[in-house]
Amino acid sequence: MSRPRWFVQLLKKAFPGRFLVARATRWPVVGSVADRWLFGGDELYYLPKDGGLEVGGSVAVAEEMVLPSAVVEHFVREANTHWIMDSCLCRDGANCQDYPIDLGCLFLGEAAAGINPRLGHPVSREEALLHVQRCRDAGLVHLIGRNKLDTLWLGVGPADRLLTICHCCPCCCLWRVLPHVAPQIGAKVQRMPGVTVTVGDGCVGCGHCTEVCFVDAIELVDGRAVVGDACRGCGRCAEACPQGAVKISVEDGLYVEDLVARISPLVDVG
């Protein structure tokens, strides 16, 4: 049964406490239960921003290659049901001042038809594609995959009939809890396969990249930025670097096809 609006309003009020909940999952018993009941079967991937991505050492442009956003567009075209939330739960709950609150998640698949109509509305493929473009234009980053937590707070299912496409800001995203959550849960949120983030000799240690990293994956060591394994490859650091020293790249031009092949068995959107 779909969740009533009051339940969602309650979640928004509780949203600031997400870090406390995340830290609790590091207790073995709590983490094991949360992993099974809230995140079982999940796989989520951050997509790097389209601009500035290097493929085989060359900066790619739309006319020359398939961009990361093509993953989202593939599933939008495959899906029979498209549902846009009227607001972003994360940005609304955190009272975001920097990014649009009204650009909510896009859900695909037959389970989306069961979402409370007071929380969002069904749209056409064309409207869904326009929505994700608006999100990119606003500087948001796509997160796509199977997310059991969404089926629970929305009160819909089954989980393999709901594909989540979030549009994340660095300040309010739920997954800012990744540095605090139990490792087995955090591992379900991944970078796009084949994507690497590197720091070149032009780095002057200004720290701009550390300010935009939502998972604390970058630190300054001896006056130079160092990217750690916690990086999810969103590409914000490359965009923020005034020296152009941070590069986001992929060697294999089939990286989009690879991710589509990983997500397709998880959720049937047809």
Trainee: So do Arg176 and Arg18 actually touch side chain to side chain, heavy atoms under 4.5 Å?
Mentor: yes
Trainee: Looking only at atom types and distance, does a side-chain atom of Lys188 sit under 3.5 Å from a main-chain N or O of Asn147, one as donor and one as acceptor?
Mentor: no
Trainee: Should Leu38 and Lys148 count as side-chain neighbours, where that means a heavy-atom distance under 4.5 Å?
Mentor: no
Trainee: Is there a side-chain contact between Glu219 and Thr210 (heavy atoms, below 4.5 Å)?
Mentor: no
Trainee: Check for a donor-acceptor pair, side chain of Arg125 on one end and backbone N or O of Arg77 on the other, with a separation under 3.5 Å.
Mentor: yes
Trainee: Has the side chain of Thr151 got a donor or acceptor atom that lies under 3.5 Å from a matching backbone atom of Ala159?
Mentor: no
Trainee: Where do Trp175 and Leu44 land on the side chain to side chain contact (heavy atoms under 4.5 Å, CB included) test, with the steps shown first?
Mentor: CA-CA 11 Å; Trp175 293 108; Leu44 290 157; 4.0 Å; yes
Trainee: Could you tell me whether the side chain of Arg118 and the main chain of Pro4 form a donor-acceptor pair under 3.5 Å?
Mentor: no
Trainee: Quick one about His142 and Arg136 (side-chain donor to acceptor, distance below 3.5 Å, no hydrogens or angles considered), yes or no?
Mentor: yes
Trainee: Check this for me: Asp137, atom CG, are more than 12 non-hydrogen atoms of other residues, nucleotides or ligands nearer than 6.0 Å?
Mentor: yes
Trainee: Might you confirm whether atom CH2 of Trp37 has over 12 heavy atoms from other residues, nucleotides or ligands at distances under 6.0 Å?
Mentor: no
Trainee: Report whether Leu266 and Tyr46 are members of the same hydrophobic cluster (ILVMFWY, side-chain heavy atoms less than 4.5 Å apart, transitive linking).
Mentor: no
Trainee: Taking Thr25 for the side chain and Ala22 for the main chain, is one N or O donor matched with an acceptor at less than 3.5 Å?
Mentor: yes
Trainee: So, do Val8 and Met85 sit near enough that their side-chain heavy atoms are less than 4.5 Å apart?
Mentor: no
Trainee: Taking the side chain as everything from C-beta on, heavy atoms only, tell me whether Thr164 gets closer than 4.5 Å to Leu143.
Mentor: no
Trainee: Any chance you could lay out the side chain to side chain contact (heavy atoms under 4.5 Å, CB included) test for His167 and Arg134, step after step, and finish with the verdict?
Mentor: CA-CA 10 Å; His167 319 291; Arg134 286 182 60 208; over 6 Å; no
Trainee: Taking NZ, NE, NH1 and NH2 as the nitrogens, is one of them in Lys49 or Glu239 under 4.0 Å from a carboxylate oxygen of the other?
Mentor: yes
Trainee: Look at the side-chain heavy atoms of Ile, Leu, Val, Met, Phe, Trp and Tyr, link any pair under 4.5 Å apart, and say whether Phe75 and Val123 land in one connected group.
Mentor: yes
Trainee: From Gln190 CD over to Asp42 CG, what is the distance, rounded to the nearest 0.5 angstrom?
Mentor: 11.0 Å
Trainee: Heavy atoms, side chains only, cut-off 4.5 Å: are Cys169 and Phe214 in contact?
Mentor: no
Trainee: When you group the ILVMFWY residues by side-chain heavy-atom contacts below 4.5 Å and let the links chain together, are Val177 and Val215 in the same group?
Mentor: yes
Trainee: So does Arg224 have more than 12 non-hydrogen atoms from other groups sitting under 6.0 Å from CZ?
Mentor: yes
Trainee: Could you grab the distance from atom CZ of Arg161 to atom CG of Asp268, nearest 0.5 Å is fine?
Mentor: 4.5 Å
Trainee: Between Ile144 and Leu163, is any pair of side-chain heavy atoms under 4.5 Å apart?
Mentor: yes
Trainee: Is it true that, when you exclude Arg26 itself, more than 12 heavy atoms of the residues, nucleotides or ligands shown sit nearer than 6.0 Å to its CZ?
Mentor: yes
Trainee: Look up atom SG in Cys173 and atom CG in Leu178, then write down how far apart they are to the nearest 0.5 Å.
Mentor: 7.5 Å
Trainee: Compare all side-chain heavy atoms of Val199 with those of Val226 and state whether any distance is below 4.5 angstrom.
Mentor: no
Trainee: Is it the case that one hydrophobic cluster holds both Leu108 and Val156, taking links as side-chain heavy atoms less than 4.5 Å apart, direct or via other members?
Mentor: no
Trainee: Would you say Ser32's side chain and Pro28's backbone share a donor-acceptor pair under 3.5 angstrom?
Mentor: no
Trainee: Distance from Leu259 atom CG to Arg191 atom CZ, nearest 0.5 Å?
Mentor: 13.5 Å
Trainee: Could you walk me through whether Arg3 and Asn116 pass side chain to side chain contact (heavy atoms under 4.5 Å, CB included), step by step?
Mentor: CA-CA 6 Å; Arg3 301 298 184 199; Asn116 186 337; 6.0 Å; no
Trainee: Given 3.5 Å as the limit, does a donor-acceptor pair link the side chain of Arg91 with the main chain of Leu89, or not?
Mentor: no
Trainee: Evaluate Phe107 against Ile165 for side chain to side chain contact (heavy atoms under 4.5 Å, CB included), listing each step before the verdict.
Mentor: CA-CA 6 Å; Phe107 293 109; Ile165 304 175; over 6 Å; no
Trainee: What about Leu20 and Leu11, same hydrophobic cluster or not, with Ile/Leu/Val/Met/Phe/Trp/Tyr joined at side-chain heavy-atom distances under 4.5 Å?
Mentor: no
